[in-house]
Structures are given as C-alpha cells and as structure tokens.
Amino acid sequence: MTTTDAERRESARRRLAEVMTLPAPADLNPAGAVMLDFLAEVWHRPGLSRRDRRFVTLPCVAAADAEGPLRDHVYATLNSGDLTIAEMREVVLHFAVYGGWPKASRFNIVVDEQWERIHRERGQETPTPEPLLPLTTPSDPEARLSVGEQAFKDINCIPFAPIRDNPYSGAGILNFVFGEMWLRPGLGMKERRLVTVACVAFQDAPIPILSHVYAALKSRDVSFDEMDEVALHFGAYYGWPKAAHLSQVIQEQKQRVTEEWAVEAEAAS
C-alpha cells in the first residue's frame, strides 16, 4: 500500500469512527478494506444528512438478521445523539408495520439493551421511558376511522381510502396505521417516509414500493435528489439488486410526479 493509500485508509477509518462512535477496525482483509472506504464515503456524501441516513440504515440492519450490525447501528445512533430514545422507539414501531412485527421485536430488545449500555458506560442511571398515554389521536371509533381515512388520502397523495368493513383495511390500515401511527408526534413526516421507503424496498410487494416512493416525492417530503441518495445508501446496507429495483422505481415515479406537477401548474394558471 502506498503512502497515499495509507492516508486515504486512515481518513476513511476516522470518518467511519465518527459515524459509529467507536474505533473502526484496524486490521482488514481486502473486502473489509474496500467496504470501509466505500461506507466512509457514503456517510459523508452531501445528499442526505447523517441523521437522515440513520432512518435508512436502521430498517436495513433490523431486517437483515445480522445481530452485530443491528447492535452497532442502534448504539451509534443513540450514542451520537442523532436520534433521541423516543425517536428510536418510534422507528421501531414504524418498522414493525412495514418490516414485520417479529423482526421489530428483536429490534426493540436491542434498543433497550444499547440504551442501557450507553448509560452504563457513562456511569448514569437509565432514564424512565416517557409515558405512552394520552394518545394524540381520537379514541372514539368513528372519529378514529374518519381520521384514518383522511390521513390515508393525505399521506398517500391519492383521493380515496380503503373500505372500513374488512379487518385488514379497517382495523389495521385505517384504525392503526393511518389512524394513529403515521400521526404520532414522535417522528416527522420526512423521517417516516425514509423508514417506509427503506422497508418497502426490501420487501417483494410491487404496489407498496410504487405507492410510497410516489407519495414521498409528490408530497415533497423527500426531494428528487434526496431520493436518489436514499437508493445509494439502501444499496450499501441491504444490497445492490434490490437497490437497483428501487432506483428504477424512483426514476419512474419522478417522471410521473413531474408530469402531474406540470398538469397542476397549467390548471392553476
């Protein structure tokens, strides 16, 4: 390795250590060395903030069944202060809906473990969790379904909502997913978009990836350039084949949204 290569490697090690809040490995095989260089570059690209990248990384490592990366990224996210513990717990809940409850159960356990670890390392007591109640969404069943219907339309950027008289769409989608979860104040809309896009990108369901990429762009919660960066970051943490599909969907939905915005602008003029 030349001096220039050695300096570049050391720079990458320092930059990745900033992200992970732990020293980067010193002795690496060729694959590990290339991975370190690439990840250090990805995390420091200007297209997304480091905090935004956490919302893409966490769903990927929670879904990948890789204990070490999940533990390391939960620790880094909390130890860096990029997310509060309340925000992290909201990520777990949002991931449960779009990534699956069994994997979210493990994710939740790791969050508690790493939160306790951080305070133990700092010589502090682990704080008591914030109270869950009262909820900010209606408790009345009719009002809750109505709120869910409107939220479904607003969040998905479409003029219709699913029927109520079905356990999946009524009790699940309208009552909980859009009647509560998307409206919970613990995360902003952009953050929930990022978690959702990462989740639908690693699933193999064709409609959710189309609808959620479209809605994230159409709502302007995630810009075109930011969405391209999401695809790159997703590829680093979940794999290039699915990232290639996500990128293709992004390009298609960019075109769709651009055309719709042109029609809307013409109608408004």
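Since we're looking at a predicted model, the values are computed, not measured. The figures that follow rest on heavy atoms only: side chains count, while hydrogens, waters and symmetry mates do not.
- Crowding of Gln124 atom CD: a count of heavy atoms from other residues, nucleotides or ligands under 6.0 Å exceeding 12.
- For the residue pair Glu259 and Gln255, a side-chain donor N or O sits within less than 3.5 Å of a side-chain acceptor on the partner.
- By the 30° and 60° cut-offs, the orientation of the rings of Trp261 relative to Phe224 is parallel.
- The line from CG of Asp72 to CD of Glu67 is 10.0 Å long, rounded to the nearest 0.5 Å.
- Annotation: side chain of Glu113 is not in contact with side chain of Val74 (no heavy-atom distance under 4.5 Å).
- Judged purely by atom type and a 3.5 angstrom limit, His44 uses its side chain to pair as donor or acceptor with the backbone of Ala40.
- Here the shortest heavy-atom pairing between Val200 and Ile209 reads CG2-CA, 3.8 Å.
- At least one side-chain heavy atom of Trp182 sits under 4.5 Å from a side-chain heavy atom of Thr196.
- Dense packing is recorded around CD of Glu264, with more than 12 heavy atoms of other residues, nucleotides or ligands lying under 6.0 Å away.
- With values rounded to the nearest 0.5 angstrom, Asn79 atom CG is found 10.0 Å from His119 atom NE2.
- Relative ring orientation between Trp101 and Phe176 is described as tilted, the plane-to-plane angle lying within the 30° to 60° band.
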Given the rule in the side-chain contact (heavy atoms from CB on, under 4.5 Å) test, do Asp52 and His233 qualify, once you have shown the distances and angles that lead to the verdict? CA-CA 10 Å; Asp52 286 342; His233 200 95; over 6 Å; no
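- The CG atom of Asp140 sits 11.5 Å away from the OG1 atom of Thr137 when rounded to the nearest 0.5 Å.
- Hydrophobic cluster membership is shared by Ile118 and Phe107, with clusters built from Ile, Leu, Val, Met, Phe, Trp and Tyr side chains linked at under 4.5 angstrom.
- Atom OG1 of residue Thr21 and atom OH of residue Tyr75 lie 5.0 Å apart, to the nearest 0.5 angstrom.
- Ionic pairing of Glu260 and Arg256 is present here: one or more N-O contacts between side-chain nitrogen and carboxylate oxygen are shorter than 4.0 angstrom.
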How far apart are the C-alpha atoms of Asp112 and Arg89, what are their side-chain angles, what is the distance that settles it, and do they pass the side-chain contact (heavy atoms from CB on, under 4.5 Å) test? CA-CA 9 Å; Asp112 288 344; Arg89 288 176 171 145; 3.1 Å; yes
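- Residues Asp154 and Phe178 form no side-chain contact, since every pair of their non-hydrogen atoms from C-beta on lies 4.5 Å or further apart.
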Determine, stepwise, if the pair Leu246 / Val197 fulfils side-chain contact (heavy atoms from CB on, under 4.5 Å). CA-CA 9 Å; Leu246 173 59; Val197 168; 4.1 Å; yes
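- Here Glu226 does not pair with Arg193 in a salt bridge; the nearest charged N to carboxylate O distance is not below 4.0 Å.
- Within the model, atoms CG of Leu93 and OH of Tyr98 stand 11.0 Å from one another, a figure rounded to the nearest 0.5 Å.
- In terms of heavy-atom proximity, Ala161 sits nearest to Leu174 at CB-CD2, 4.4 Å.
- The closest side-chain heavy-atom distance from Lys218 to Asn156 is not below 4.5 Å.
- In the hydrophobic clustering of this structure, Val91 groups with Met20; members are Ile, Leu, Val, Met, Phe, Trp, Tyr whose side-chain heavy atoms approach within less than 4.5 Å, directly or through other members.
- Salt-bridge check for Arg51 with Glu87: passed, with a basic side-chain N closer than 4.0 Å to an acidic carboxylate O.
- Using a 4.0 Å cut-off between a side-chain N of Lys or Arg and a carboxylate O of Asp or Glu, Arg106 and Asp65 do not qualify as a salt bridge.
- A heavy-atom distance below 4.5 Å is not found between the side chains of Val213 and Lys254.
- No hydrogens or angles considered: nothing links the side chains of Thr57 and Arg50 as a donor-acceptor pair under 3.5 Å.
- Considering only residues two or more places apart in sequence or on other chains, Glu18 meets the side-chain hydrogen bond (donor to acceptor under 3.5 Å, both in side chains) condition with none of them.
- A distance of 10.5 Å separates CD1 in Ile250 from CD in Glu229, rounded to the nearest 0.5 Å.
- Under the 4.0 Å criterion applied to side-chain N and carboxylate O atoms, Arg117 and Glu121 are assigned as salt-bridge partners.
- Taking each heavy atom of Val195 and Phe95 in turn, the nearest pair found is CG1-N, 4.3 Å.
- Leu39 is connected to Leu22 through a chain of hydrophobic side-chain contacts under 4.5 Å among Ile, Leu, Val, Met, Phe, Trp and Tyr, so both are in one cluster.
- Heavy atoms only, all atoms of each residue included: Thr136 and Leu183 are closest at OG1-O, 4.2 Å.
- One finds no salt bridge joining Arg192 and Asp221 here, because no Lys/Arg side-chain nitrogen approaches an Asp/Glu carboxylate oxygen to under 4.0 Å.
- Contact of the Arg164 side chain with the Glu142 side chain is registered, since non-hydrogen atoms from C-beta on lie closer than 4.5 Å.
- Nearest heavy-atom pair, Leu70 versus Ala62, reported as atom, atom and distance to 0.1 Å: CD1-CA, 3.9 Å.
- A continuous path of hydrophobic side-chain contacts links Ile158 to Tyr168 [ILVMFWY only; heavy atoms under 4.5 Å].
- Residues Arg54 and Glu191 are not paired through a salt bridge, judged by the lack of any N-O separation under 4.0 Å between the basic side chain and the carboxylate.
- The residues Arg144 and Glu180 are annotated as salt-bridged, a charged nitrogen and a carboxylate oxygen being separated by less than 4.0 angstrom.
- Below 30°, between 30° and 60°, or above 60°: for Phe234 and Phe202 the angle between ring planes is below 30°, a parallel geometry.
- Hydrophobic clustering (ILVMFWY, side-chain heavy atoms < 4.5 Å, transitive): Ile163 and Ile173 are in distinct clusters.
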Which is it for Arg53 and Asp82 under the side-chain contact (heavy atoms from CB on, under 4.5 Å) test, yes or no, and what are the steps along the way? CA-CA 10 Å; Arg53 292 180 186 280; Asp82 287 343; over 6 Å; no
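- The two residues Val56 and Pro59 come nearest to each other via the heavy atoms O-CD, 3.2 Å.
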